[in-house]
Amino acid sequence: MLGKILNVGLSLAKTPDRPNPKAIEEQTEQLRKLLFTARKTAFGRHHLFSKILEEKNTCRAFQTAVPPTEYDDFYQNWWRFAREDEPDITWPGTVPYYALSSGTSGAASKYIPVTREMIRGMNRGTRRMFFDLSKYKLPGATLQKQMLMVGSCTAPNAEKRHFVGDLSGIIGMNRPAWMSKYYRPGRHITDLPDWTARIEAIAREAHRWDIGFVVGNPAWVQLVFEKIIERYGLQNIHDLWPNFKMYVHGGVFFEPYRQHFEQLLGEKVHDIDSYMASEGFFAYQNRPTSRALRLLTDCGIFYEFVPLTSENFDENSNLKPTARALTLGEVRENEQYALLISTCAGAWRYLLGDTIQFTDLARTEFRLTGRTKQFLSVCGEHLSVDNLNEAVRRADQKLNAGIIEFAVAAVPTDDRNWAHQWFVSLDNQAVLPQVFAAAVDEELCFLNDDYAVERQYALREVRVEILPKEIFYDWLRQKGKMNGQAKIPRVLKGETLKNWLGFLESVLV
């Protein structure tokens with residue numbers, strides 16, 4: 001009976017399954033609220049926010065007064081002072097938390113401010129996603145089951161008057177009290193600083209729980225499931241948790257993990273994609289009939305969209321000072337955009353680094369396509385992470401390879417041309433490197449015309465090295481990124497590539 005009541009309640013509060021005509025209006029209102037709240041900060045005074053609010057076209061005045069920026073410049077010019085606990089730098093008051101971004105670039109960890117207003121905005125988006133579970137017609141009893149959240153340590157480090165840690169750990173510290181009855185594994189486990197110790201503790205207590213929902217990065221949830229299955233001698237995770245019906249993932253593209261992940265299940269579960277980063281909660285999949293993500297337009301974030309063109313980005317994928325950003329009312333479907341965000345944590349026209357493509361503007365739905373720094377294009381092949389993920393998924397299905405992790409780099413050949421060097425871990429040891437190379441090459445030629453052309457000219461080879469999955473995770477551990485948010489970069493470049501190759505040389509002896 002309680003389950004039925006919960007289902008009815010969720011259904012009444014769910015997001016209407018129709019276009020959102022108020023999205024542009026909501027975004028304008030978000031910008032005005034952000035500007036008004038921050039008008040007396042150092043950043044707001046410097047950029048004359050009070051004057052911008054008097055202009056008829058607030059957005060144009062804002063874009064004219066505030067240049068787009070990337071993390072390094074914004075941190076040096078503004079956030080480093082806030083991190084010294086100076087108040088009112090880019091957002092009113094002092095910042096209580098800093099999220100260490102797991103990142104996928106060669107840079108050191110980024111310190112991203114997390115304010116109480118941002119936490120409230122994230123909670124608002126999370127509640128909306130929870131309400132939309134009614135669209136999946138789950139059994140009423142499932143809604144009363146427990147939720148396993150696989151994330152980072154919930155005991156962040158104290159630094160002066162603020163805390164520093166991974167975002168999932170900060171969220172865990174600020175989880176609403178009502179969730180404690182349903183939330184697992186509990187602070188006595190999530191407060192453990194060592195990731196391996198947390199996995200062991202989860203596996204040790206797993207038999208006591210009745211899990212209906214699981215939330216977390218696919219790579220780490222997969223490791224937890226494997227540890228539990230091994231510990232109890234199970235065939236699959238449903239042998240222990242028969243009521244497990246819903247998996248909410250995010251942080252990385254799920255498709256490369258799907259085949260291996262489903263091998264750990266005893267029955268099909270619903271999976272929902274979400275888009276959350278250290279800078280905020282941006283979108284989630286809000287209907288079962290589409291894999292697209294619906295933009296959260298009223299949760300404390302104002303979005304701008306920079307067309308991914310040579311006019312806006314240089315050959316190293318750096319944002320040009322003259323880059324022109326579009327508002328939600330100006331974008332078009334099926335075009336590639338990089339995201340700029342202004343947030344209630346004091347980010348202003350900040351380049352997030354992700355690229356998206358709108359699939360349904362009326363619903364404000366889009367799909368993630370990759371990272372600005374992770375487009376692979378040394379000779380004009382113009383491969384996005386989306387292309388790479390899809391090619392791997394298709395090759396995996398064709399070969400039944402059981403691909404778990406992968407990364408790819410462009411390397412020079414002896415004849416001054418280029419090769420793509422793939423590093424892959426897979427379950428099926430019978431799949432030879434040259435067989436995988438041929439399969440993924442064929443799929444990329446099908447998916448991307450530029451790639452197909454360059455394979456006839458400057459891109460001479462596709463090389464593959466098959467590695468144990470543990471090597472990928474050991475590399476993250478060496479970099480200090482073994483946690484619930486860390487992820488393997490799909491494209492290896494610059495210092496990241498040098499670090500990876502040096503690590504391989506040290507372990508493959």
Side-chain angles (χ1 to χ4, degrees), residues 150 199 203 214 216-241 244 247 249-271 273 291 383 385-409 420-447 462-477 482 484 486-492 500 504 507-508:
V150 179
I199 291 182
V214 175
N217 179 315
W220 309 119
V221 170
Q222 192 170 275
L223 285 177
V224 168
F225 282 6
E226 289 173 347
K227 180 63 70 174
I228 292 171
I229 290 170
E230 177 187 6
R231 182 182 183 90
Y232 298 102
L234 309 175
Q235 293 296 314
N236 56 69
I237 200 66
H238 279 99
D239 286 348
L240 184 65
W241 295 331
F244 172 37
Y247 172 45
H249 49 81
V252 296
F253 289 93
F254 183 51
E255 290 308 316
Y257 295 94
R258 183 180 294 279
Q259 183 172 345
H260 182 73
F261 187 89
E262 290 179 348
Q263 292 172 0
L264 305 174
L265 309 178
E267 62 182 68
K268 184 174 178 60
V269 302
H270 297 286
D271 69 274
D273 200 3
R291 303 297 298 180
L383 289 178
V385 174
D386 189 46
N387 292 150
L388 298 173
N389 279 315
E390 180 63 15
V392 166
R393 185 188 69 81
R394 293 182 179 208
D396 197 13
Q397 284 187 335
K398 182 184 296 183
L399 302 174
N400 192 28
I403 295 168
I404 303 169
E405 291 289 358
F406 75 89
V408 59
H420 280 180
Q421 174 67 61
W422 288 75
F423 304 93
V424 184
S425 66
L426 43 81
D427 279 339
N428 188 349
Q429 299 300 312
V431 176
L432 299 175
Q434 60 268 31
V435 173
F436 176 82
V440 78
D441 185 40
E442 180 182 357
E443 296 300 338
L444 285 173
C445 285
F446 174 79
L447 292 167
V462 177
R463 307 169 183 171
V464 173
E465 183 172 0
I466 296 177
L467 301 168
K469 67 180 180 182
E470 288 77 15
I471 285 183
F472 289 89
Y473 303 140
D474 287 345
W475 180 54
L476 289 182
R477 184 180 288 108
M482 192 67 172
K487 51 210 172 198
I488 302 295
R490 297 310 184 199
V491 177
L492 301 169
W500 167 255
L504 286 186
V507 297
L508 297 178

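The structure displayed is predicted, hence computed values, not measured ones.
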Heavy-atom check, side chain of N389 versus side chain of R490, under 4.5 Å: yes
Give the intermediate values and the outcome of side chain to side chain contact (heavy atoms under 4.5 Å, CB included) for residues H238 and V269. CA-CA 10 Å; H238 279 99; V269 302; 3.6 Å; yes
Gap between atom CG of D474 and atom NZ of K469 - 0.5 Å precision: 11.5 Å
For the student: nearest non-hydrogen atoms of A395 and A439, plus distance: CB-CB, 4.0 Å
Nearest 0.5 angstrom please: L265 CG to I229 CD1, how far? 8.0 Å
Within the distance-only criterion (no hydrogens, no angle test), does the side chain of D239 pair as donor or acceptor with the backbone N or O of Q235 below 3.5 angstrom? yes
Working for side chain to side chain contact (heavy atoms under 4.5 Å, CB included), residues V435 and V464: CA-CA 9 Å; V435 173; V464 173; over 6 Å; no
What about the rings of F261 and F225, do their centers lie closer together than 6.0 Å? yes
Do the non-hydrogen side-chain atoms of W500 and L504 ever get within less than 4.5 Å of each other? yes
Side chains of L492 and V408 in contact at under 4.5 Å (non-hydrogen atoms): no
Is the W220 ring parallel, tilted or perpendicular to the Y473 ring (thresholds 30°, 60°)? tilted
Of all residues at least two apart in sequence or in a different chain, which pass the ring-ring contact (aromatic ring centres under 6.0 Å, His included) check with H249? Y247, F254
Residues Q259 and N400: side-chain donor-acceptor under 3.5 angstrom: yes
Can V150 and L223 be said to form a side chain to side chain contact (heavy atoms under 4.5 Å, CB included), step by step? CA-CA 10 Å; V150 179; L223 285 177; over 6 Å; no
For the residue pair F423 and Q421, establish whether any side-chain heavy-atom pair is separated by less than 4.5 Å. yes
Answer yes or no: is there a side-chain heavy-atom contact under 4.5 Å between N217 and Q222? no
Taking the side chain as every heavy atom from C-beta outward, state whether I466 and F436 have any pair of such atoms under 4.5 Å apart. no
For the atom pair CG (L388) and CZ (R393), what is the distance rounded to the nearest 0.5 Å? 14.0 Å
Looking only at heavy atoms, which two atoms of L426 and A401 are closest? And how far apart? CB-O, 3.3 Å
Side chain to side chain contact (heavy atoms under 4.5 Å, CB included) between L264 and N236, worked out: CA-CA 5 Å; L264 305 174; N236 56 69; 5.9 Å; no
R291 side chain near D271 side chain, heavy-atom distance below 4.5 Å: yes
Please round to the nearest 0.5 Å and tell me the distance separating atom CG of D396 and atom OH of Y257. 12.5 Å
In short, side-chain hydrogen bond (donor to acceptor under 3.5 Å, both in side chains) pairs touching residues 422-435 with sequence neighbours left out are H260-D427
Check whether any side-chain heavy atom of R394 sits under 4.5 Å from a side-chain heavy atom of L447, and report yes or no. yes
Measure the CD1-CD distance between I199 and E226 for me, rounded to the nearest 0.5 Å. 9.5 Å
One should read off an interatomic distance between E470 CD and E405 CD, to the nearest 0.5 angstrom, of 11.0 Å
Under 3.5 Å donor-acceptor, Y232 side chain and A203 backbone: yes
How close do D273 and G250 get, heavy atom to heavy atom, and via which atoms? OD1-CA, 4.1 Å
Among all residues two or more places apart in sequence or in another chain, which pass the ring-ring contact (aromatic ring centres under 6.0 Å, His included) test with F446? none
Ion pair present between E442 and K398, side-chain N to carboxylate O less than 4.0 angstrom? yes
